[in-house]
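Structure first, commentary second.
So you know, we letter chains A, B, ... as the sequences are listed, proteins then strands, and number each from 1. These numbers come from a predicted model, not from an experiment.
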2 protein chains.
Amino acid sequence: MPRPSTPLLSPDRIRSTALAIIDRDGLDGLSMRKLAAELGVQAASLYGHVRTKDQLLNDIASSILSSVDVSGFSVDWREGLLRCARSYRAALSSHPNIVPFLAYGPAGRDESLQRLDLLHGALVEAGWSRREATMIAAGLMYIVFGSALSTFSSGFSADPADYSGRYPHLDRAHLLPGVARELDRDSFELALAAFVRGL
Amino acid sequence: MPRPSTPLLSPDRIRSTALAIIDRDGLDGLSMRKLAAELGVQAASLYGHVRTKDQLLNDIASSILSSVDVSGFSVDWREGLLRCARSYRAALSSHPNIVPFLAYGPAGRDESLQRLDLLHGALVEAGWSRREATMIAAGLMYIVFGSALSTFSSGFSADPADYSGRYPHLDRAHLLPGVARELDRDSFELALAAFVRGL
DNA sequence: TGGGTTAACCTAACACTGTTCGGTTAATCG
DNA sequence: CGATTAACCGAACAGTGTTAGGTTAACCCA
């Protein structure tokens, strides 16, 4: 195929299709050839619109995280922390399969740093020292990312039959997919509340 | 080379060499061929001792996490949580490059579940409901894994020069490698203390 | 001591992966 | 109308995890 009359590709279309594949098939389920096929194109064509796969993933991550809400600090720093953490987690858990990618760091994403800077400034404004502000922001991120990892409760719902008897205290009922999701959210809320209260 | 007089390979030797490569070259720096070369062997030979690369990584992760200390619950549940979290973090941060692998879940590692079961039982023993116990254990893991991800403070020490001016509140001094490590540990301690206190 | 079995390694290959190079054609601009 | 550029393609490269089939040494039993 030569140059088509209307372009088949655009950075946006590539990003959204890639994200759809990640959501459907997992992070490892995304390959440039599969992405290209889904767009009706050959793999090489993608590189006219995207510098590299890693860059593509970074862009996707950035766009997901752009919905994080840091407006709550105008009310109160506690409210700011809560609102920021909740919207952060909401963003991540709406696309859980991309979280492992974020785990690779170093998160040099500009928007992330900008948000972080804002958060940090608000905490200093509220009377915390610079060092304390950094640590509080870090602690908040620990809880957000930790809960998004789903290594925990949603992690082991694979085959509940395996667990019976071998782990006397763990309740098998906790592992049903529906319950696990709710439990994950409640665990996050508990950790968040305990953290903010304990400051 | 035919069958050697004394075997060149053993699961232990494979695991420890693989871990050394991961520590040195990162998670992506480990390939079966490179691992084999480092062991003086061809890649295919590894598969006589290891079922699959994924399994190998799981085994390595298990052995790293086997040093987690869950003995503190005989004293007091708070002490148990603190000791468990600290030893968990110590284990992870001694081999930070394997943490991204753990982010893939689902952590069906037997020892992890056994530890979790013990932790859960101790919390129930202390008077928490089963559901609360699960959530508290999850919250603890959030902080441990979140801090191990190092997406945060140690994450962006790449090029401090880039940050000057663009992020008015973030202190460049926080990004020096030595400071970042200490800051990471202190942030973890702060988050942990706040969490346990807030329960 | 000899023969069969098994264990430990090998070479070669398969189906992938991300990415690049050089070509081909259509749209677009002067 | 002609030159340039943008958008795609085919083919290839080096690398990945993994498997099949072959070769030889060590081991066990008669």
Side-chain angles (χ1 to χ4, degrees), chain A residues 1-61 97-98 100-106, chain B residues 1-22 24-61 97-98 100-106 108:
Chain A
M1 191 201 305
R3 180 176 185 186
S5 48
T6 74
L8 302 172
L9 298 174
S10 76
D12 262 4
R13 217 164 94 72
I14 293 176
R15 272 196 292 270
S16 67
T17 306
L19 182 53
I21 293 177
I22 291 173
D23 285 341
R24 170 163 43 84
D25 302 339
L27 189 58
D28 291 338
L30 176 72
S31 79
M32 297 305 269
R33 283 176 175 83
K34 188 182 199 168
L35 172 56
E38 212 127 318
L39 289 161
V41 125
Q42 293 300 115
S45 310
L46 297 171
Y47 288 86
H49 304 261
V50 161
R51 229 173 50 78
T52 180
K53 185 188 184 184
D54 212 71
Q55 186 59 55
L56 172 60
L57 288 172
N58 266 299
D59 290 348
I60 291 173
N97 289 342
I98 212 181
F101 170 74
L102 300 176
Y104 276 92
Chain B
M1 189 202 303
R3 178 176 186 183
S5 47
T6 74
L8 302 173
L9 265 34
S10 76
D12 263 5
R13 218 163 93 73
I14 293 176
R15 274 196 291 270
S16 67
T17 306
L19 182 54
I21 294 177
I22 291 173
R24 169 162 46 83
D25 302 339
L27 189 58
D28 291 339
L30 175 73
S31 79
M32 297 304 270
R33 283 174 174 84
K34 187 182 198 171
L35 172 57
E38 211 127 320
L39 289 161
V41 126
Q42 294 299 115
S45 310
L46 297 171
Y47 288 86
H49 305 261
V50 162
R51 229 172 50 78
T52 180
K53 185 188 184 184
D54 212 72
Q55 185 60 54
L56 172 60
L57 288 172
N58 265 298
D59 290 348
I60 291 172
N97 290 342
I98 212 180
F101 170 74
L102 300 176
Y104 275 93

Counting side-chain heavy atoms from C-beta on, which of dC9(C), dG18(C), dT18(D) comes nearest to L9(B)?
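Among the listed nucleotides, the one closest to the side chain of L9(B) is dC9(C).
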Among dG17(D), dC9(C), dT19(C), which is the nearest nucleotide to the side chain of Y47(B)?
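The closest nucleotide is dG17(D).
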Figure out the [atom1]/[atom2] separation between [X] and [N], and round it to whole Å.
X      : N       : atom1 : atom2 : answer
K34(B) : dG15(D) : NZ    : P     : 11 Å
K53(B) : dC16(C) : NZ    : P     : 18 Å
Q42(A) : dA6(D)  : CD    : P     : 22 Å
L46(B) : dT19(D) : CG    : P     : 13 Å
Q55(A) : dG18(C) : CD    : C1'   : 15 Å
D54(B) : dT16(D) : CG    : P     : 17 Å
L57(B) : dT16(D) : CG    : P     : 14 Å
L35(A) : dT19(C) : CG    : P     : 12 Å

Within the distance-only criterion (no hydrogens, no angle test), does the side chain of T17(B) pair as donor or acceptor with the backbone N or O of I14(B) below 3.5 angstrom?
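Pair absent, no side-chain N/O of T17(B) close to backbone of I14(B).
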Counting only N and O atoms by type, is there a donor-acceptor contact under 3.5 Å from the side chain of S31(A) to the main-chain atoms of K34(A)?
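A pair under 3.5 Å: yes.
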Base, sugar-phosphate or nothing for L30(B)? Non-hydrogen atoms, less than 4.0 Å.
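Sugar-phosphate, backbone atoms only, no base.
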Polar atom pairs (N or O), protein with nucleotides 12-15 of chain C, under 3.5 Å:
residue: dA13(C); atom: N6; partner: R33(B); partner atom: NH2; Å: 3.3

Set out, in order, the CA-CA distance, both residues' side-chain angles and the distance that settles side chain to side chain contact (heavy atoms under 4.5 Å, CB included) for I22(B) and F101(B), then state yes or no.
CA-CA 11 Å; I22(B) 291 173; F101(B) 170 74; over 6 Å; no
What distance separates [X] [atom1] from [Y] [atom2], expressed to the nearest 0.5 Å?
X      : Y      : atom1 : atom2 : answer
Q55(A) : I60(A) : CD    : CD1   : 10.5 Å
N97(A) : L30(A) : CG    : CG    : 11.0 Å
L19(A) : L35(A) : CG    : CG    : 11.0 Å

Kindly say if S31(A) contacts the phosphate of dC16(C), meaning a side-chain N or O under 4.0 Å from OP1 or OP2.
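Checking S31(A) against dC16(C): no side-chain N or O falls below 4.0 Å of OP1 or OP2.
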Compare side-chain N and O positions of H49(B) against OP1 and OP2 of dA7(C) and report whether any pair is under 4.0 Å apart.
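No, outside the criterion.
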Show me, pair by pair, the donor-acceptor contacts under 3.5 angstrom made by side chains of residues 36-48 of chain B, not counting sequence neighbours?
residue: E38(B); atom: OE2; partner: R24(B); partner atom: NH2; Å: 2.2
residue: S45(B); atom: OG; partner: Q42(B); partner atom: O; Å: 3.3

DNA chain C: S45(B) or M32(A), which has the more 5' nearest nucleotide?
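The residue whose closest nucleotide sits nearer the 5' end is S45(B).
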